[in-house]
Each structure stands twice: as structure tokens, then as C-alpha cells.
**Student:** 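Pasting a structure here, questions to come.
Order of listing sets the numbers, starting from 1, for every ligand and every atom in it.
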Amino acid sequence: MPRIVLLGPPGAGKGTQAQWLAKDLGVPHISTGDLLRESVRAQTSLGDEANVYIRAGRLVPDDLVLRILRDRLSRPDAAKGCLFDGYPRNVAQADELDRLTPIDRVIAFDIPENVLVERLTQRWTCPKCGTSYNLVTRPPKAPGVCDRDGTTLTQRADDAPAAVRTRLTVYHEQTAPLLEHYRRLGRLTPIDASGTPEQVAQRLRTALEGRT
Ligand code: ADP
């Protein structure tokens, strides 16, 4: 029952890797960012409230995120294990996660800051299946549409330059301290997240081999 957290700055490629790894491990990919965007699209009251923070690149308040996370974890597929992407993002969330479900491994994505900005501003995403593309390094086969389901790709509002800057600052101030938190608990494995998605996937497999 692997319970793994992918930790790293926005643009580090957690979402892409999480989709692949979740399939390999046969566990659900739980992305709080995706869950929040779903509630924004569904125009629930939680979604409307969260959207103000998301668009600005700030963290959505912990109690709102916890509500959607609890909901997701109560679904039967989460009993097989989980791959967390984008949660926890601060120490309070890490403590909450420890209370909800014990974490075996935390994989930290290491990547230089200049690469992040480039990746985020060139990113286009499928609103239906969540697949991310990069116009420079990983363009879709047909311009503007998803390889998997043909849906028209969109750019996330929070990939605009001002929101990207805020997200990076929030990461350094609130999320990066979790690296030390998990290192002290002996659960942290850093990987080099630069290079192609395939190279990163290989490093991730090596890091996880035999030790989950
Ligand atoms: P990225 O890691 O590229 O910023 P995500 O999809 O993980 O992308 O998150 C997008 C936005 O959703 C965040 O900037 C934040 O506003 C909100 N969000 C996602 N997960 C959390 C969380 N665990 N706590 C608070 N806000 C979150």
C-alpha cells in the first residue's frame, strides 16, 4: 500500500510524473490542484472561494483544501495507496496528512529556478484529462489539442507571469520548509528533476525501487 508524496516547486513536473507513476503503481493520483480546479469548474461555493486564491497564485486556505482532500480519500480506490501531488504545501498540512494517513516516502523534485519559469509560461493543459504540454519541449502532436482525447488545450490563469512569481515565493516561504521536516523523519528522497520527462521518470523509478 504505497503512500507517496511528490514535493517540489510549481513547474517541477510533479503532475506529469504523477500520472505515469500512479498508473505503474496502480494507485490513484491525488492532486489537490486538480481537485480544486474541478470544484472551480463545477462552480461549487468551495470552488468559487478557492478560485480567488488560485488565480492570484496564493495557497487556498487549509480548511478548504482539507475538505476536498478528506472527500477524495474517502473514496474506495484510495484504500490501495495514494500518490499525493501538491499536498502537503505547508507544515500544518503535513501534520494533517500524518493524522489522515501515514506517508511512506516523500520524493523531492530538485530543479533550478530559471527552468521553472520557462516551463510554466510555456505550459498548456488539457482541461479534460489534465495532461500537460510544453510548447517548446513537449508540444502536442496536433497544435492546440490533447493527444489523448482531442480536447482543446487551455492555459492556466495562474501560469500568467505575476501569478507564477507569487507561486514561487509561496513555495520558498511555506512549502520548502517541508523538505527539512521530512528529512528529519527519514522519509525524504531527492531526485534531479531537470531534463526530459522520460529521464525524470527513470530517476523516479530508480529512487523508488525496492524501497516502498
Ligand atoms: P503548481 O504546483 O504548478 O502550482 P497545482 O495544480 O498543484 O500547481 O496548484 C495550483 C494552485 O492550487 C496553487 O497555486 C494553490 O492556489 C492551489 N492549491 C493546490 N494545492 C494546494 C494545497 N495543498 N494547499 C493550498 N492551495 C493549494
Side-chain angles (χ1 to χ4, degrees), residues 4-19 22 29-42 44 46-73 82-101 103 106-111 113 115-134 138 154-179 181-182 193 197 200:
I4 300 169
V5 167
L6 302 185
L7 192 64
K14 301 182 300 289
T16 303
Q17 298 300 328
Q19 281 196 344
H29 166 204
I30 300 187
S31 156
T32 44
D34 287 347
L35 293 170
L36 287 166
R37 282 185 289 276
E38 252 167 52
S39 31
V40 170
R41 273 197 298 277
T44 61
L46 188 153
D48 289 346
E49 198 177 331
N51 199 20
V52 178
Y53 297 90
I54 295 172
R55 293 185 73 91
R58 295 168 54 202
L59 292 189
V60 172
D62 292 345
D63 58 322
L64 296 188
V65 182
L66 188 61
R67 242 156 65 200
I68 59 160
L69 184 72
R70 276 224 181 92
D71 218 48
R72 180 62 188 86
L73 287 176
C82 301
L83 187 57
F84 294 99
D85 161 16
Y87 193 97
R89 260 177 153 87
N90 57 31
V91 175
Q93 291 186 3
D95 291 343
E96 201 57 63
L97 186 59
D98 267 342
R99 277 191 284 275
L100 284 172
T101 182
I103 295 301
V106 177
I107 306 288
F109 283 49
D110 269 347
I111 186 136
E113 184 113 357
V115 180
L116 298 177
V117 177
E118 161 86 352
R119 284 189 184 174
L120 292 168
T121 49
Q122 300 292 334
R123 173 163 75 177
W124 288 74
T125 313
C126 173
K128 191 167 168 210
C129 73
T131 301
S132 284
Y133 299 87
N134 181 292
R138 190 172 177 246
T154 55
Q155 208 170 13
R156 276 170 41 175
D158 61 346
D159 283 344
V164 165
R165 277 194 297 277
T166 305
R167 284 157 64 203
L168 289 172
T169 306
V170 167
Y171 174 77
H172 289 300
E173 289 177 359
Q174 302 195 46
T175 311
L178 289 178
L179 295 170
H181 173 83
Y182 285 119
V200 180

**Student:** Using a strict 4.0 Å cut-off to heavy atoms of Y87, name the atoms of ligand 1 that fall inside it.
**Tutor:**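 Near Y87, meaning under 4.0 Å from one of its heavy atoms, ligand 1 has 23 (N).
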
**Student:** Check this for me - ligand 1, G86, N or O atoms closer than 3.5 angstrom, yes or no?
**Tutor:**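 Checking ligand 1 against G86, an N or O pair does fall under 3.5 Å apart.
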
**Student:** What protein heavy atom is closest to atom 2 (O) of ligand 1, reported as residue, atom name and distance in Å?
**Tutor:**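 Result for atom 2 (O) of ligand 1: R89 NH2, 3.1 Å.
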
**Student:** With no hydrogens and no angle check, is any side-chain donor or acceptor of R119 less than 3.5 Å from a backbone partner on A12?
**Tutor:**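 At least one qualifying donor-acceptor pair exists.
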
**Student:** Please classify the R156 to ligand 1 contact at 4.0 Å (heavy-atom distances, strictly less than): side chain, backbone, both or neither.
**Tutor:**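 Near ligand 1, R156 shows its side chain, while the N, CA, C and O stay back.
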
**Student:** Give yes if a backbone or side-chain nitrogen or oxygen of Y53 is under 3.5 Å from a nitrogen or oxygen of ligand 1, and no if not.
**Tutor:**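 No: no nitrogen or oxygen of Y53 is under 3.5 Å from one in ligand 1.
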
**Student:** Provide the number and element of each atom of ligand 1 under 4.0 Å from a heavy atom of R123.
**Tutor:**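 Those qualifying, in numeric order: 3 (O).
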
**Student:** Do any pairs count as a salt bridge (Lys or Arg N to Asp or Glu O under 4.0 Å) and have a residue in residues 159-175, sequence neighbours left out, and if so which ones?
**Tutor:**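 Residue pairs passing salt bridge (Lys or Arg N to Asp or Glu O under 4.0 Å), neighbours aside: R123-D159, D158-R167, D159-R167.
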
**Student:** Please write down residue, atom name and distance for the protein heavy atom closest to atom 11 (C) of ligand 1.
**Tutor:**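 Answer, as residue, atom name and distance: D158 OD2, 3.9 Å.
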
**Student:** R55 near ligand 1, heavy-atom distance under 4.0 Å?
**Tutor:**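 Distance cut 4.0 Å: R55 fails for ligand 1.
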
**Student:** Between P88 and L97, which heavy-atom pair has the shortest distance, and what is it?
**Tutor:**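 Shortest heavy-atom separation between P88 and L97 comes out as CD-CD2, 3.8 Å.
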
**Student:** Quick check against the 3.5 Å criterion: does T32 have a side-chain atom that pairs as donor or acceptor with the backbone of G86?
**Tutor:**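 Yes; judged by distance alone, with no hydrogens or angles, the pair exists.
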
**Student:** Counting non-hydrogen protein atoms only, what is the nearest one to atom 24 (N) of ligand 1? Give residue, atom name and distance.
**Tutor:**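 In this structure, atom 24 (N) of ligand 1 has Q93 NE2, 2.9 Å as its nearest protein heavy atom.
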
**Student:** With a 4.0 Å cut-off on N to O distance, would you call E38 and R41 a salt bridge?
**Tutor:**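 The answer is no: the pair does not qualify as a salt bridge.
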
**Student:** Give the contacting part of E96 toward ligand 1: side chain, backbone, both or neither, where contact means a heavy-atom distance below 4.0 Å.
**Tutor:**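 Near ligand 1, E96 shows nothing, with every heavy atom at 4.0 Å or more.
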
**Student:** Using heavy atoms and a threshold below 4.0 Å, how should the contact between V65 and ligand 1 be classified: side chain, backbone, both, or neither?
**Tutor:**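 It is the side chain that gets close, since no backbone atom is under 4.0 Å.
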
**Student:** For K14, counting its heavy atoms only, list the atoms of ligand 1 lying under 4.0 Å from any of them.
**Tutor:**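 Near K14, the atoms of ligand 1 are 2 (O).
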
**Student:** What is the closest protein heavy atom to atom 20 (N) of ligand 1, and at what distance does it sit?
**Tutor:**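 Going by distance alone, atom 20 (N) of ligand 1 is nearest to T32 OG1, 2.8 Å.
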
**Student:** Keeping K14 on the side-chain end and A108 on the backbone end, is there a donor-acceptor pair under 3.5 Å?
**Tutor:**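 Side chain of K14 to backbone of A108: no pair is present.
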
**Student:** According to salt bridge (Lys or Arg N to Asp or Glu O under 4.0 Å), who are the partners of D48, at least two apart in sequence or on a separate chain?
**Tutor:**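 Listed in chain order: nothing, the list is empty.
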
**Student:** Quick test: of every protein heavy atom, which one is nearest to atom 18 (N) of ligand 1, and how far off is it to 0.1 Å?
**Tutor:**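 So the nearest neighbour among protein heavy atoms is L36 CD1, 3.4 Å.
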
**Student:** Looking only at atom types and distance, does a side-chain atom of Q155 sit under 3.5 Å from a main-chain N or O of Q122, one as donor and one as acceptor?
**Tutor:**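 Flag not set: sc Q155 to bb Q122 has no pair under 3.5 Å.
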
**Student:** Considering non-hydrogen atoms of the protein only, which is the closest contact for atom 16 (O) of ligand 1, and what is the distance?
**Tutor:**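 For this ligand atom, the closest protein heavy atom is R58 O, 2.5 Å.
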
**Student:** As an exercise, state the distance from CD1 of I103 to CD1 of I4, rounded to the nearest 0.5 Å.
**Tutor:**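 Interatomic distance, I103 CD1 to I4 CD1, rounded to 0.5 Å: 9.0 Å.
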
**Student:** Between L59 and Q174, what is the shortest heavy-atom contact and its length?
**Tutor:**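 Heavy atoms only, the tightest pair is CD1-OE1, 3.5 Å.
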
**Student:** Looking only at non-hydrogen atoms, find the nearest pair between P10 and L116 and report the distance.
**Tutor:**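 Looking at all heavy atoms of both residues, the closest pair is O-CD2, 3.4 Å.
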
**Student:** Specify the protein heavy atom at minimum distance from atom 26 (N) of ligand 1: its residue, its atom name, and the distance to 0.1 Å.
**Tutor:**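 So the nearest neighbour among protein heavy atoms is V60 N, 3.0 Å.
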
**Student:** List the closest protein heavy-atom neighbour of atom 14 (O) of ligand 1: residue, atom name, distance to the nearest 0.1 Å.
**Tutor:**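 Checked against all protein heavy atoms, atom 14 (O) of ligand 1 sits closest to R167 CG, 3.9 Å.
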
